[in-house]
Amino acid sequence: MLRAPFWRAVTALAVIAISLILALVSAPRLGLDLRGGTQLVFETRDSPTVKADSAATDRALDVLRQRADALGVVDPTLVRSGERRIIVELPGVLDPRQAAEVIGRTAQLAFHPVLGDEGDVRDENGGQLRLGPAAITGDGIADAVEQSDPQRGPGWWVSIDFRDAGAWQRMSGAAACEPVGDPKRRIAIVLDDEVISSPPLDPSVPCRTGIPGGSADITGSFTHGEARDLAVLIKGGALPVPLTIVEQRTVGPTLGAAAIDASAKAAIAGLVLTAAFIVAVYRISGLLSTLALACYGLISYAALVAMGATFTLPGLAGFVLAIGMAIDANVLVFERAREEYDQGRRGLKAALERGFRNAWSAIADSNVTTLIAAGLLFWLASGPVKGFGVTLAVGVLASLVSAMLITRVLAHAVIGRVGPRLSGLGSPGAVRTWLTRRNPQLMKARRLWLAVAGTLVAVAVAGLLARGLNFGVEFTGGRLVEFATGKPLSADVARQAVSRAGFPSAVVQASGDGVTVRAGGLGLDDVARIEQELERQAGEVTKRSEEFVGPSLGQELRRNALIALGVAVSMQLAYLAVRFRWTFGAAAVLALLVDVTVVAGMFAWLGKPVDGIFLAAMLTIVGYSVNDKVVVFDRVRELWSSRRPFVTAVNSAILQTMPRTVNTGLGALFILLALMAFGGDSLRDFALALVTGIVTGTLSSAFVAGPLAVWLARYDRKPPPGPPVKRRRVSGAVV
């Protein structure tokens, strides 16, 4: 009978082979923040005759898709989000004014008979018209195309084909009965309550016979672009319900290329630093885990491209961050194997197998908490932050495969054939040796640690109250535009230029060759005016990125952010209460609140922007912090019994898990420092939040969660667990 290691090896090879094939045959799908383009989020509104439900939104989505296809946009993406929202991604379209005008215009087209020249409707030349009821609506249009003919003179026109040739013939025949020159001989073509053309019928059109064939031309001295846009609107048809833009993002292609380059550098630098650190600490075992880590990257990438996931800038940050977190499972296994070997009761190979078995509980619990945070990001976040949640979840699952399968197969093949020292598992390590020799009694000063934590929380709360959080447009609503200038501008000069454009109260920031403008009532035409004013001061000015969020959507996103954090904390408490004791869960969540408050307070004091990227960082901190505390309390549960005081078990658990905590934290910090070094401003803020969260989360596990668990234990009436019972093997026949 074949042994389990053989099947593990076969499974590992199959996973790697499938991942390699998927990575080679599937191309990654880049988000607009990486390849450049415009994203529009429309919200349908009720009309006097139609309710904006999911069915009406689906019909509107079909119309928008026809318009995007007619515009010639390469690989547009249009999806419905919820019941009343439509997300439109237009790669390569960098003019949001054109995109919003052509894609989202209601375009209610109608052909009206003219009843006279004394009315309240202006024609295309400014004259007065009185119109009759619409004889043909946009639904009666079969096709529309822009045309030009040098023999007919300069300019373009739009040729229309009608579905009901008889309706057009009757309408034109009735108008042809009026005398030449009479206003009633004209036919008004109305688009969105505006007369775009009201040409008179040619004198050759006979009375009551009209124009046969079901076709007509709209003239009006159009340029080629105007004729093409009008043809797109007419051919796409009328939207069943009005649309309102609630969010818009535009990213230039150079910014996307720079983001990809920065993320690639951060991934390579972080991977090299993490690999060098792990190999230095765990020698051969560390080298094997590094090979498994490379396989982890391949598996994660293959899974994402197979799912058709869109790679966004936050998603790349999540992918890079997951590299550092993926090493955590390996560190847990190796530290448990070191403990088993140090006890001297078994050989190196048996100690490693025992390490895999004993570490599984903590690995499973900690990864579940991270998956909870990733799921909340996907459920409650929007836009690119959703991609971060997907990437983080895939990374967690891939890290389990990497550590518990691939690392195990490689270690089984190598460990036992090398000496204990070279394996990296034969010595307890410098951190564990120092802790064993000193044996510090951390819990004796638990009141001091809680006082220090309380002071940090008070400083953070003071920052929140005194300065408040600098919410970005994603949560407040408004427009944020980033310009690249030909020469550096000071903040004062840039503010004066924006003020001359009509926005003296806008928030203006200048750094290097970039100027950022944020304001609530900033329209698309206003952005063009600001760009012109900046060009007078800085020469050539190009728009790097643009982001607009409507006030209703901003309130919704802000509400969802608070809900996400509240649900995350509640779910962590519920999970920990089920897996451990309620006192453990309460201690972990209270320590977690300390971590979150400290990070939020630091951003308040520094005036850093709080946006979707910050939300992703905070939920990642929630997952990482609880992950760390799960490892500690899992060891407390293992050490505590009726023969050992609880405070002693907590102190021993903290000391025994400290090597894992230090090594895992350093692995993640290498990645984050690489992001801070190579990433842009948003990635630097993301990395800064995570560095602060990881440091405070690591310290709070020992100096906040531990003392709180000891304090809460007095309210826990459940008796301590008894010592584990060893099963005895009984041999013999069963009769």
Side-chain angles (χ1 to χ4, degrees), residues 49-50 59 62-63 66-67 70 105-125 127-153 155-222 224 226-240:
T49 57
V50 182
R59 293 197 302 273
D62 292 336
V63 173
Q66 293 180 35
R67 294 179 182 178
R105 194 169 179 181
T106 307
Q108 294 180 346
L109 182 76
F111 288 71
H112 294 255
V114 177
L115 303 182
D117 58 358
E118 295 180 358
D120 55 356
V121 178
R122 291 186 177 274
D123 64 12
E124 66 274 24
N125 298 317
Q128 301 293 320
L129 291 178
R130 182 163 55 92
L131 305 181
I136 301 175
T137 63
D139 294 336
I141 306 298
D143 194 12
V145 62
E146 73 274 16
Q147 289 186 347
S148 67
D149 187 353
Q151 295 182 358
R152 291 179 52 175
W156 289 76
W157 69 91
V158 178
S159 180
I160 302 176
D161 292 331
F162 296 94
R163 298 185 188 278
D164 187 352
W168 169 243
Q169 190 168 357
R170 287 190 297 272
M171 182 182 185
S172 58
C177 294
E178 304 296 337
V180 175
D182 193 308
K184 298 179 182 178
R185 194 177 175 86
R186 299 165 69 181
I187 291 178
I189 304 170
V190 180
L191 183 68
D192 289 343
D193 299 326
E194 180 182 347
V195 177
I196 58 174
S197 183
S198 57
L201 289 176
D202 191 91
S204 62
V205 178
C207 176
R208 289 192 175 86
T209 302
I211 302 175
S215 63
D217 294 336
I218 300 179
T219 60
S221 301
F222 298 120
H224 177 230
E226 292 169 343
R228 182 200 61 190
D229 292 347
L230 179 57
V232 167
L233 289 170
I234 296 173
K235 184 178 180 180
L239 288 165

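FYI, the numbering just counts along the sequence from 1. For clarity, every value in this text was computed on a predicted model and none was experimentally measured.
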All side-chain contact (heavy atoms from CB on, under 4.5 Å) counterparts of [X], not counting sequence neighbours:
{"X": "Ala165", "value": "none"}
{"X": "Ser215", "value": "Asp161"}
{"X": "Gln128", "value": "Arg122"}

Between the CD atom in Glu146 and the CH2 atom in Trp157, the distance rounded to the nearest 0.5 Å is 11.5 Å
* Just how far is it from atom CD of Gln147 to atom NE2 of His224, taken to the nearest 0.5 Å? ->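 Going from CD on Gln147 over to NE2 on His224, the span is 11.0 Å.
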Check: residues 176-188 side-chain donor-acceptor pairs under 3.5 Å, at least two apart:
from, atom 1, to, atom 2, distance (Å)
Asp182, OD1, Lys184, N, 2.8
Arg185, NE, Leu201, O, 3.3
Arg185, NH1, Ala176, O, 2.7
Arg185, NH1, Glu178, O, 2.8
Arg185, NH2, Asp202, O, 3.0
Arg186, NE, Ser198, O, 3.0
Arg186, NH2, Asp123, OD2, 3.1
Arg186, NH2, Ser198, OG, 2.5

Least distance between heavy atoms, Gly214 atom then Trp168 atom:
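So the minimum-distance heavy-atom pair works out to CA-CD1, 4.2 Å.
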Using residues 109-121 as the side-chain source, report each donor-acceptor pair under 3.5 Å to any protein atom, sequence neighbours left out, with the distance given to one decimal.
from, atom 1, to, atom 2, distance (Å)
His112, ND1, Gly132, O, 2.8
His112, ND1, Ala134, N, 3.4

The complete set of salt bridge (Lys or Arg N to Asp or Glu O under 4.0 Å) pairs with one or both residues in residues 210-219, sequence neighbours excluded, reads Arg152-Asp217
